[in-house]
**Student:** 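Can you keep this structure in mind? I'll have questions shortly.
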Amino acid sequence: MPELPEVEAVCKKLRKEAVGGVIAEAFVLRPGSVKPQYPADLDNAVAKTILKLERRGKNILLHLSGGLALRVHLRMTGNLFIIPDARFHSAQVRVYFRFRDGRGLVFEDTRALGRVTIHEETALDGLMEKIGIEPLSKGFTAAKLQSMAKKSRKPAKIFLMDQQHIAGIGNMYAAEALFRAHINPKQPIQAVTKRKIEALHKAILDVLRKAMKDAVRSYSKPGSYQQMDFAVYCRKAKPCNVCKQAIARIVQGGRSTYYCPACQR
DNA sequence: TCGATCCTGTAG
DNA sequence: CTACAGGATCGA
């Protein structure tokens, strides 16, 4: 489930507990979770201190001493958190680090689609260059969105989910933002009117900020993501809150898209 | 830009 | 049993 707000919530919680931690040992319980690297590469984290933790799009970056950084991507079902004793971790944990003080930094991931990789800081910069603008940053203005939209012929929904344009928006919040802005997900983003692009800009901010509050709240208990009240997402055939028309489900880029055919023309 | 792929779990 | 799940990447 994690999109930007959920990943941000994970980071907030983790930052307090993990920064300053010294890694004593790395354990790869599922080799696939560290691909395309070798499990042994994570051993390079041993004896390093976690200096700083940040989020970039949906990536969690743990900067270590010695010019290295861990990159964690939660994908669909991942979660990253601290446990008091590294020895007592759940069966779903794919990778974990034991701190010198005995605590565990664990990467739990039911579907095992997520990844934990280690990089030289310089190499990481290269990877992160491809990630688009942070939607909650100052630079993300309606004008900026407009200028990006003008250059893309992608359907609006696909455009929003493309991490190279805007970082951190996934399937749920893309659908919700488009609904609020009355934009048809199939419409080429290029062809969306300036007025609607402005509405979309506001919708993105509103949806993400709202979800951020929910996500932070829900993280008092680890392991579960809060869901906001969705207007269209996962509401196939249910009546639209605004016009009572049945919410439609279509497939775009192999993913479900939910929208109101009446409100989003 | 489409489809396959990486995985497991759950709902119908 | 099949369909579907909030993501990203790769090759055709």
Side-chain angles (χ1 to χ4, degrees), chain A residues 1-11 28-37 39 55-61 71-80 90-95 107-117 119 124 126-132 135 151-179 185-190 204 207-208 210-212 214-215 218-219 223-238 247-259:
Chain A
M1 15 180 103
E3 299 184 28
L4 185 152
E6 293 79 19
V7 177
E8 182 64 30
V10 169
C11 286
V28 177
L29 307 182
R30 165 78 68 124
S33 295
V34 301
K35 275 182 183 169
Q37 298 179 335
R55 180 191 58 75
R56 189 72 181 87
K58 297 173 197 165
N59 294 278
I60 300 169
L61 307 177
R71 173 202 191 196
V72 179
H73 200 301
L74 305 176
R75 291 282 182 97
M76 306 280 234
T77 55
N79 201 356
L80 186 70
S90 81
Q92 312 279 52
V93 167
R94 310 302 185 191
V95 177
F107 174 66
E108 200 179 66
D109 187 15
T110 304
R111 281 176 69 183
L113 294 169
R115 291 292 182 270
V116 178
T117 49
H119 310 265
L124 189 69
L127 286 174
M128 292 302 121
E129 266 172 27
K130 294 178 195 154
I131 310 278
K151 293 176 208 142
S152 173
R153 288 183 303 276
K154 291 190 164 101
K157 164 90 170 344
I158 305 279
F159 171 83
L160 284 183
M161 288 180 61
D162 187 337
Q163 303 301 302
Q164 301 198 38
H165 290 125
I166 306 169
I169 299 177
N171 206 28
M172 319 185 285
Y173 301 130
E176 293 300 305
L178 289 171
F179 173 76
K186 289 180 284 192
Q187 175 162 38
I189 193 74
Q190 215 170 35
I204 290 169
V207 164
L208 292 181
K210 164 82 167 65
M212 194 92 85
D214 293 348
S218 77
Y219 267 83
S224 67
Y225 299 99
Q226 174 85 21
Q227 307 224 340
M228 63 190 287
D229 251 347
F230 293 115
V232 288
Y233 178 71
C234 260
R235 295 195 65 238
K236 181 185 174 184
K238 299 216 169 86
I247 300 301
R249 175 186 177 270
I250 59 170
V251 175
Q252 289 182 288
R255 314 290 307 280
S256 294
T257 296
Y258 300 88
Y259 72 108

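Reckoned from all heavy atoms, side chains included, excluding hydrogens, waters and symmetry mates. Within every chain, numbering begins at 1; the chains are lettered A, B, ... in the order of the sequence lines, protein sequences first and strands thereafter.
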**Student:** Specify the separation, in whole Å, of atom CG of Asp162(A) and atom C1' of dA8(C).
**Tutor:** 11 Å

**Student:** Rounded to the nearest Å, what distance is computed from the CD1 atom of residue Ile158(A) to the P atom of nucleotide dG7(C)?
**Tutor:**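 Rounded to the whole Å, the gap is 12 Å.
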
**Student:** Could you check which nucleotide pairs with dC7(B) in any of the strands shown, counting Watson-Crick or G-U wobble with both distances under 3.5 Å?
**Tutor:**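 Base partner found: none.
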
**Student:** On a whole-Å scale, what distance lies between the P atoms belonging to dA3(C) and dA4(B)?
**Tutor:** 13 Å

**Student:** Starting at atom CZ of Arg111(A), determine the distance to atom P of dC7(B), rounded to an integer number of angstrom.
**Tutor:** 11 Å

**Student:** Under 4.0 Å between any heavy atoms, over every strand shown, what does Gly254(A) touch: base, sugar-phosphate, or nothing? Just pick one.
**Tutor:**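 Counting heavy atoms under 4.0 Å across all strands, no contact is made by Gly254(A).
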
**Student:** Using modelled atom types only, decide if a donor and an acceptor are shared between the side chain of Gln37(A) and the backbone of Thr117(A) within a distance under 3.5 Å.
**Tutor:**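 Such a contact is absent between Gln37(A) side chain and Thr117(A) backbone.
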
**Student:** Counting heavy atoms from C-beta on, name the nucleotide in dA5(C), dC7(B), dC6(B) closest to the side chain of Arg30(A).
**Tutor:**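 Nearest to the side chain of Arg30(A) among the choices is dC7(B).
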
**Student:** Pick the closest DNA chain C nucleotide for Gly253(A) and for Lys236(A) by heavy atoms, then say which residue is nearer the 5' end.
**Tutor:** Lys236(A)

**Student:** Identify whether any heavy atom of Lys58(A) sits under 4.0 Å from a base atom; if not, whether one sits that close to sugar-phosphate; answer base, sugar-phosphate or nothing.
**Tutor:** sugar-phosphate

**Student:** Could you tell me whether the side chain of Val72(A) reaches within less than 4.5 Å of the side chain of Phe107(A), counting heavy atoms only?
**Tutor:**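 The answer is yes, as the side chains (C-beta and beyond) meet within the 4.5 Å cut-off.
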
**Student:** Just how far, in rounded Å, is C1' of dA5(C) from CD of Gln252(A)?
**Tutor:** 17 Å

**Student:** Does dA8(C) have its OP1 or OP2 closer than 4.0 Å to a side-chain nitrogen or oxygen of Gln163(A)?
**Tutor:**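 For dA8(C), OP1/OP2 do have a side-chain N/O of Gln163(A) under 4.0 Å.
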
**Student:** Base of dA8(C), side chain of Arg115(A) - is there a donor-acceptor contact under 3.5 Å?
**Tutor:**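 In this structure, the two groups form no donor-acceptor pair.
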
**Student:** For dT1(B), does OP1 or OP2 lie under 4.0 Å from any side-chain N or O of Lys154(A)?
**Tutor:**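 So the side chain of Lys154(A) is outside the cut-off, no N or O lying under 4.0 Å from OP1 or OP2 of dT1(B).
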
**Student:** The side chain of Arg94(A) is closest to which nucleotide in this list: dA5(C), dA8(C), dT8(B)?
**Tutor:** dT8(B)

**Student:** Does the Arg115(A) side chain pair with the main chain of Gly32(A), one donor and one acceptor, at a distance under 3.5 Å?
**Tutor:** yes

**Student:** Under 4.0 angstrom, heavy atoms only, what part of the nucleic acid is Arg255(A) near: base, sugar-phosphate, or nothing?
**Tutor:** base

**Student:** From CD1 of Ile166(A) over to P of dG7(C), roughly how many Å is that when rounded to an integer?
**Tutor:**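 Whole-Å distance recorded here is 14 Å.
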
**Student:** Can you tell me the distance, in whole Å, between the NE2 atom of His73(A) and the P atom of dG7(C)?
**Tutor:**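 The answer, rounded to whole Å, is 9 Å.
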
**Student:** Rounded to the nearest Å, what distance is computed from the CG atom of residue Leu29(A) to the C1' atom of nucleotide dC7(B)?
**Tutor:**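 My rounded result for the distance is 16 Å.
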
**Student:** Measure from the side chain of Arg249(A), starting at C-beta and using heavy atoms only, and say which of dC4(C), dG7(C), dT1(B) lies closest.
**Tutor:** dC4(C)

**Student:** Please state whether the rings of Phe230(A) and Tyr173(A) are parallel, tilted or perpendicular, taking 30° and 60° as the class boundaries.
**Tutor:**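 Tilted: the ring planes of Phe230(A) and Tyr173(A) meet at 30° to 60°.
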
**Student:** Are the side chains of Val93(A) and Glu108(A) in contact, using a 4.5 Å heavy-atom criterion?
**Tutor:** yes

**Student:** Please check this pair: side chain of Arg153(A) against backbone of Ile189(A), looking for a donor-acceptor N/O pair closer than 3.5 Å.
**Tutor:**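 Not at all, since once roles are kept as given, no pair shorter than 3.5 Å links the two residues.
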
**Student:** Take atom CD of Gln164(A) and atom P of dT1(B), then tell me their distance rounded to the nearest Å.
**Tutor:** 14 Å

**Student:** Among the nucleotides dG9(B), dT1(B), dA5(C), which one has an atom lying closest to any side-chain atom of Thr110(A)?
**Tutor:**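 Closest nucleotide to the Thr110(A) side chain: dG9(B).
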
**Student:** Between Tyr258(A) and dA5(C), is there a contact of a side-chain N or O with OP1 or OP2 at under 4.0 Å?
**Tutor:** yes

